[in-house]
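Encoded as structure tokens, the structure appears first; notes follow it.
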Amino acid sequence: MVEDNERDYGRNTKKNVLLKIVILGDGGVGKSCLMSRFISNHFDDHNFHTIGVEFMNKTTEVNGIQYTLQIWDTAGQERFKSLRTPFYRGTDICILAYAIDDRSSFNNIKMWLNEFLHYAGVKNGIEKFPFIVVGNKSDVSSKDREVPYEQLKQWCDENKIATYIETSAKTDSNVVEAFSMAVQRWADLEQKAEKELRMLHHPDTVTLHGASTVSSIRATCCSRFSNV
Amino acid sequence: MDEESMWKGFYEKLQQQKSTEEKVHESKIQEVDDSFFEKFGSLLKQVSQRAALEESTPLAPLKEPEEQDGEQKDVADLQGERNPGHDSDSGNETLLDTDSEPEDPEKIDFYVEAIGWNVDELYLEILYEILHNVGGCDMGCEVGQQVMLSYVQEAFKIANEKHTQLLTKAEAKEPPELMLNVEVVEAKDLVPKDPNGLSDPFVTIYLMSNSSQRYNTSVKSSTLNPLWEEHFSLPMPANLHEDSLILEVWDFDPAETVKEKMTKIFEVKGVKGLRKLMKEIAITASTGKHDNELIGTSNIPLKSIPAGGMTMWFNLSKKSKLRRQGVLKLRLNFSSEKNSQVAAQEHRHLLRILLLHELESSKVAPYWWCGNFSAPAEAILTQHVAQSGLSQSDNWLAQWVVFCAVTTDHPLSFSLFNQLLEKITKPLQSGLVNEEEVKLFWDGAKKLLPTCYSHIRKLRKKTAGDKTVMKTLREVLKILYRLSVLDVPEYVDLFPVNLYGWLRDNSDGSRLTIQEVLNQAAVQGAADWFVHILDNNECKDRTEDSRLQHLIRVIQLVRSDLQRAVEYFDRVFVEIMSFPYSKVLYGVYENKIASLVEPEVIQVCKNLKRLQYNEGSTNSVYLAGGLNGETGLGTPQVDHEPLAMGTTLFELYLALQRFLALGQGLNETEWSTYAISKFHSWFYGGVAQWLDIAAYKALTRIEKAVDLDNLVPVDTNVKYSSSGVDTLAIFYQIKIFWQQLAWPDVEGCYTFVAKIVDDICRCCVFYSDKMAGRVDNVGTISTVYEERFEVTNEWCVAINNIDYVRQSLQPFVRELGMDEIVQNMCEARSPLEAQRCKETLQNVMANAIDTVKNKILDLLEIMVKKMMPSITRFLIEGAELLHQDCSSMDRVMRYLEANLDTLYQHLNNENFSRTLDIVWEQLGEVLYELIQANLEKRRPPSFFSNLHECLNIMVRSFRQDNKEVYTSDTLKRVEYLLKIHGMETRELIHQYHLERWQEQQSITEPKMGVLTVRAQFIDDNLKIEIMNARNLMPTDSNGLCDSYVRVSILPEDMFASVAKPKTQTHSKNLFPLYDEMFIIPLTAEQRRITDGLLHFVVKDKDMFSVSNTFVGEAYLHFSEVPETPAPISSLSQQHLPLSKPDSIDGDAIKALESRQGDKQAREFLKKQRQKMPSKQFFSLG
């Protein structure tokens, strides 16, 4: 990139909400594939592992609002633990991924959730942070499926996670939907927090300045580079 | 030749008693202070503190530290002896070590006098020699006989009376003709005399005829099978055949009185007192006033000895006992002169006595005496050598043996030994020395070696830079080298276990070489030093931080030791012994440090708390970045502990890094086998913390930097201010931090750089926001008349600051080593993976740059928006008053000019043109709103045309070269709207037609048929041929059409005078062939109109109704009509799609609609509405 490249000079991103997303989950559940399918609608049947982290961004529209999603894909292997955890801070949305044909990857979701909560410093509880649990590889035949959808639903209910979905990066099923759901969940929680804040500060009036102080009450690790 | 072992036995006995005594005492201490180790530790600590003090005193004279050295060792010795049971390893070692340690020189006297052999005899011999000096000797000439006599008396400590007596005897003595050489070899199966079931035997030999002339061997302690191998020469009496040799074996027993005195040792204070007491004990022992017990005797008639000599076992008997008391082995032979072995032994005794005397009288410091006897001693020794017929090598060897023996108690100069070795090496190698002498030589070496190795082990106690120390080391190593090239006889155990507690045997059981022991000595020295460092650098408390501080301190100390080794010692070791001293030390240290530090670091990293910033401060600014919402950047709220912890951990990292670098230098090929080479992997958990801290500190500093910034360029050449510079300095520090970290693992490198870039991006955004906040209130001017915003230099500086920081991003990432990382990744993993990493890094960086760019645009927009209220006001005023008062326009222009000029002066081109773009865009929006609002207010067209005029003036004034005038769509649109609304109604009507003509151009599939015409200008005449129409829309109930075409020329008012010809009606035909030609003469003025339109209207002739039905219309623009004299038949046909006005979306028609008060407009609209295809109505307004 040349220094004064005007490539992005257009005001395209101006009104966009910037959201930082991390994708967590065991090695081999298809995190990179999910990202690559979402970003470039491309499925690469590669079998090498992500080193530490990978980053890509994409502009997308959800409910008429433009979002720029900054997506951090992480390496699932244990040896990368200390390399990926520094990136959790400042996350707005956390995607917890497993493969439906891999029972243990599903069982580990709890571990990933806890790792994220610890390193991202989420304080206000799971239900106030936009998590989404994604069961990838929904394309596998039913005989290879190890985790039934009901189990995903049950687990999420138990853990107070409202958003979950099964996807296939390979057949491009539900991938965009998953990201949209996550963003929508973020927006809902944001709105809710805003409302709470308003109630807190001006119980009987409607303030127009809520947006700028929302984050202070959310007090999660939620962040935006520019909160337009 | 074992005098030493006798002394030692005696000494050890004393020590044992002493230690039992001590134990009683000690148990009391333990009762008081229930931990011995504490005391042990603190004592050692004091010692090392003194040692540290010595170290820190660079060029201290050698003598002083040596003496202190001795004292310290005494302390250490005592400790070692006191706790044999407590710390078996080191305690034991220290005990054994004492053998190699120099002891108080004063004690030597006591040994001299405690020795059993016959000093008097030697003394007599020496007196005799002095009296019979062989002439011509260099020393003897200069030193008078009397001097020598009195010197020797002093040296031997002989009382005057006895001296006189012996001197008389010597004077009377005549050279003996025949000598009996007796070697007392060994005894076996002696009867035990002591309560412990052993004896301390010594042998007395004398001739029956001369029982006063007794010769004693040394005392062998605690043995029933003593080995003496001692030589004696006895002068033979005249009546040889009747005489007998008497052998008496005694058990040396210091008697009750001595024992009593011995117990007093522990009550005696000071060395002098001890010495005095020992003298008493010794006298008691040697003067016969003792309770020595006879073990047995043997009587050998001289006549039974064959002339050629004999070696034989003799039974020992005792008068009262029938039983044999043991056997004694003797080697006997006669000779006419002194046996050379006897002479050598005598010489050794003499040397020893004189040396001890010299040392005592000169009070020379340890390690200082280097072979220079005083003149009388030199003379006496020379005489003895000469008169005893000793060879030069005999003399050297005797010196070697004696000096080696003495040096264990009183250290002599190493160079002395080195010189001696140099002399002896040749005779030894060439086999000129007999086996017994070889053994003596190696016995000496055995005694010397511990001191040498001790010196190497204790090298740290010396001042490294001191020349003397280096010289001594050189001598020591040379001694080792000279010894190492000699063959050690099989029977010599060069490194007896009891002297080398620290020595480990070779695993294969082979004999240790001098080189190997040197290696072990160096290793042991390093290990001891490490223990010493640990003992003397305990951490103050058990907090993690002080533990880490402690580790750092340890590493630093070890490293400084290594540096000393590298700087001073290594060269000497390599040069003389080819021994990689520093490398060996490093091997010891790195292992110990690794096993010490690794678990600690891993533990600390595991316990690291995440950096949590306290919130709750209402005033504090929340971070816009990832710390959003949880970061109250008020310093007082931040818990400092994790910050400090991370910092200390980092210091430790750096310490280890430096330490490893040292190892890489020392062992270039195999450093990766060191445990410490993987040290960074212990810190993985810590790096995240450091990065957090770095980010946190950066954000805090940025906030501070913005607060302190007065928004004045730092100097006249630049356009950014202090906080921009400060922020870059912060980035620079992060870069330095990263470079210092020099993370060796490529995967970690890559990930951490991604993290850093992300953090830096956060910092940039944070900075942008802070900067924006900083200038938010700047530039607002309030007067009683108005509130106005002026672009100030501060605004420009703020924008420049952000841009300055943004521009640093890319080079910053490059300086973090992105290219190297990708390159390394390529090598370590695969090009594909490297490519992915590269893309990620570039994405992160591009994302950062874009984000900041948008921040700049945001700020520019904020700024322009602030300008807009004023501009709007001026514009309204200007539009209303333009023709009456030109000054209004001037005010807009002045305002814009002033502000844009400020921006132009201070912003770079890029940002200035961005600003202009935003200005125009905002202007467009403002104007658009203005138009809408004023249309509602039904402003006259003049209002809009004035505005249009304003806009044109502004555009002309401020457009930049080679840029499109109206960059934004909004502005284009606004300009068009102004143009339209500013028009007269008739102009507007023509504009409508032009729009319709434009629409016609875009019709690709005509639905209402096509009209084919030809037209040309010939001179001032317009010639039109209407040829045909196709696919006309059926308008009649029969599905057909009765069509004709009317031609008019627009604008209507301009062509009011000209005819509007029409064709014949072609009935019931959707494909009529008109084929009619019209010639319309135009005035010159009409001909000059460029924007004219030919308007073809197709109508259906209705028989019954008043008006004809509109079928469709088409336009031909003047520009489409060629000017040519050619016959019209040669021109191409124009196929014009027919259409109807079908909407009111056109701007012109909308503008017409807004003019409800205008009759012309109203009528025109009514006409058009009739043309609409369906019966739809459209409302007005």
Side-chain angles (χ1 to χ4, degrees), chain A residues 1-9 11-14 16 18 20 32 46 48-57 68 70 72-73 75 79-92 118-124 213-228, chain B residues 605 610-612 615 622-630 683-689 691-692 695 746-748 750-752 754-755 758-759 761-762 765 768-769 807 810 825 829-830 832-833 836-837 839-847 849-855 857-858 861 910 914 921:
Chain A
M1 235 176 75
V2 196
E3 200 272 309
D4 273 328
N5 192 337
E6 295 297 312
R7 183 174 61 102
D8 287 307
Y9 179 26
R11 312 289 328 236
N12 311 335
T13 54
K14 178 184 154 196
N16 291 5
L18 270 73
K20 176 174 173 178
S32 299
H46 64 70
F48 55 75
H49 300 300
T50 303
I51 298 169
V53 290
E54 279 188 21
F55 173 85
M56 287 188 185
N57 55 5
T68 296
Q70 303 170 319
W72 290 92
D73 174 30
R79 70 187 182 96
F80 287 118
K81 180 174 174 177
S82 41
L83 294 183
R84 63 176 176 254
T85 50
F87 291 89
Y88 296 180
R89 189 194 282 280
T91 303
D92 297 295
H118 179 255
Y119 286 99
V122 174
K123 283 186 203 156
N124 280 14
T213 41
V214 171
S215 12
S216 62
I217 189 162
R218 269 185 69 203
T220 61
C221 59
C222 161
S223 82
R224 279 134 305 158
F225 284 129
S226 66
N227 184 13
V228 177
Chain B
C605 285
R610 293 277 296 152
L611 196 58
Q612 302 279 5
E615 44 179 326
Y622 291 99
L623 294 191
L627 307 170
N628 198 1
E630 59 175 324
F683 285 86
Y684 263 114
V687 176
Q689 177 83 353
L691 293 181
D692 259 1
V746 67
E747 289 176 356
Y750 151 70
T751 321
F752 292 141
K755 172 73 179 153
D758 198 38
D759 285 342
C761 173
R762 221 163 70 191
V765 169
S768 306
D769 290 344
Q807 286 181 23
Q810 187 137 8
M825 187 67 87
R829 303 289 296 253
S830 68
L832 190 63
E833 281 164 305
R836 287 163 66 95
C837 294
E839 277 166 17
T840 287
L841 287 179
Q842 281 174 340
N843 280 338
V844 175
M845 183 174 70
N847 178 60
I849 290 172
D850 286 352
T851 310
V852 178
K853 235 178 207 172
N854 286 338
K855 279 284 160 189
L857 289 176
D858 285 345
E861 195 178 292
E910 194 192 344
R914 278 175 194 168
E921 191 186 88

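Just so it is clear: chains get the letters A, B, ... in the order the sequence lines come, proteins before strands, and each one is counted from 1.
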Test side chain to side chain contact (heavy atoms under 4.5 Å, CB included) applied to Arg829(B) and Ile51(A), step by step | CA-CA 10 Å; Arg829(B) 303 289 296 253; Ile51(A) 298 169; 3.8 Å; yes
Do the charged groups of Arg89(A) and Asp758(B) touch, with an N to O distance under 4.0 Å?
-> no
Minimum heavy-atom separation for [X] to [Y], with atom names?
| X | Y | result |
| --- | --- | --- |
| Thr840(B) | Glu54(A) | OG1-CA, 3.3 Å |
| Glu747(B) | Phe80(A) | OE1-CE2, 3.2 Å |
| Ala754(B) | Val53(A) | CB-CG2, 4.4 Å |

With respect to chain A, which residue among Leu841(B), Val687(B), Asn843(B) yields the maximal number of heavy-atom pairs within a distance under 4.5 Å?
->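 Top count of heavy-atom pairs under 4.5 Å with chain A: Asn843(B).
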Can you check salt bridge (Lys or Arg N to Asp or Glu O under 4.0 Å) on Asp73(A) and Arg836(B), steps first, answer last?
-> CA-CA 12 Å; Asp73(A) 174 30; Arg836(B) 287 163 66 95; 5.4 Å; no
Residue that, paired with Leu18(A), satisfies side-chain contact (heavy atoms from CB on, under 4.5 Å) out of Val765(B), Thr851(B), Asn854(B) =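 When side-chain contact (heavy atoms from CB on, under 4.5 Å) is applied between Leu18(A) and each of Val765(B), Thr851(B), Asn854(B), only Thr851(B) qualifies.
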Mark yes or no for whether Lys755(B), through its side chain, and Phe87(A), through its backbone, hold a donor-acceptor pair below 3.5 Å.
-> no
Sort Tyr684(B) into side chain, backbone, both or neither according to what part of it lies under 4.5 angstrom from a heavy atom of chain A.
->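 Both parts, backbone and side chain.
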Under the side chain to side chain contact (heavy atoms under 4.5 Å, CB included) criterion, do Trp72(A) and Val844(B) qualify, and how do the steps go?
-> CA-CA 10 Å; Trp72(A) 290 92; Val844(B) 175; 3.5 Å; yes
How many angstroms lie between CD in Gln70(A) and CG in Asn847(B), if you round to the nearest 0.5 Å?
->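 Going from CD on Gln70(A) over to CG on Asn847(B), the span is 4.0 Å.
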Steps toward side chain to side chain contact (heavy atoms under 4.5 Å, CB included) verdict (Leu83(A), Tyr750(B)) | CA-CA 9 Å; Leu83(A) 294 183; Tyr750(B) 151 70; over 6 Å; no
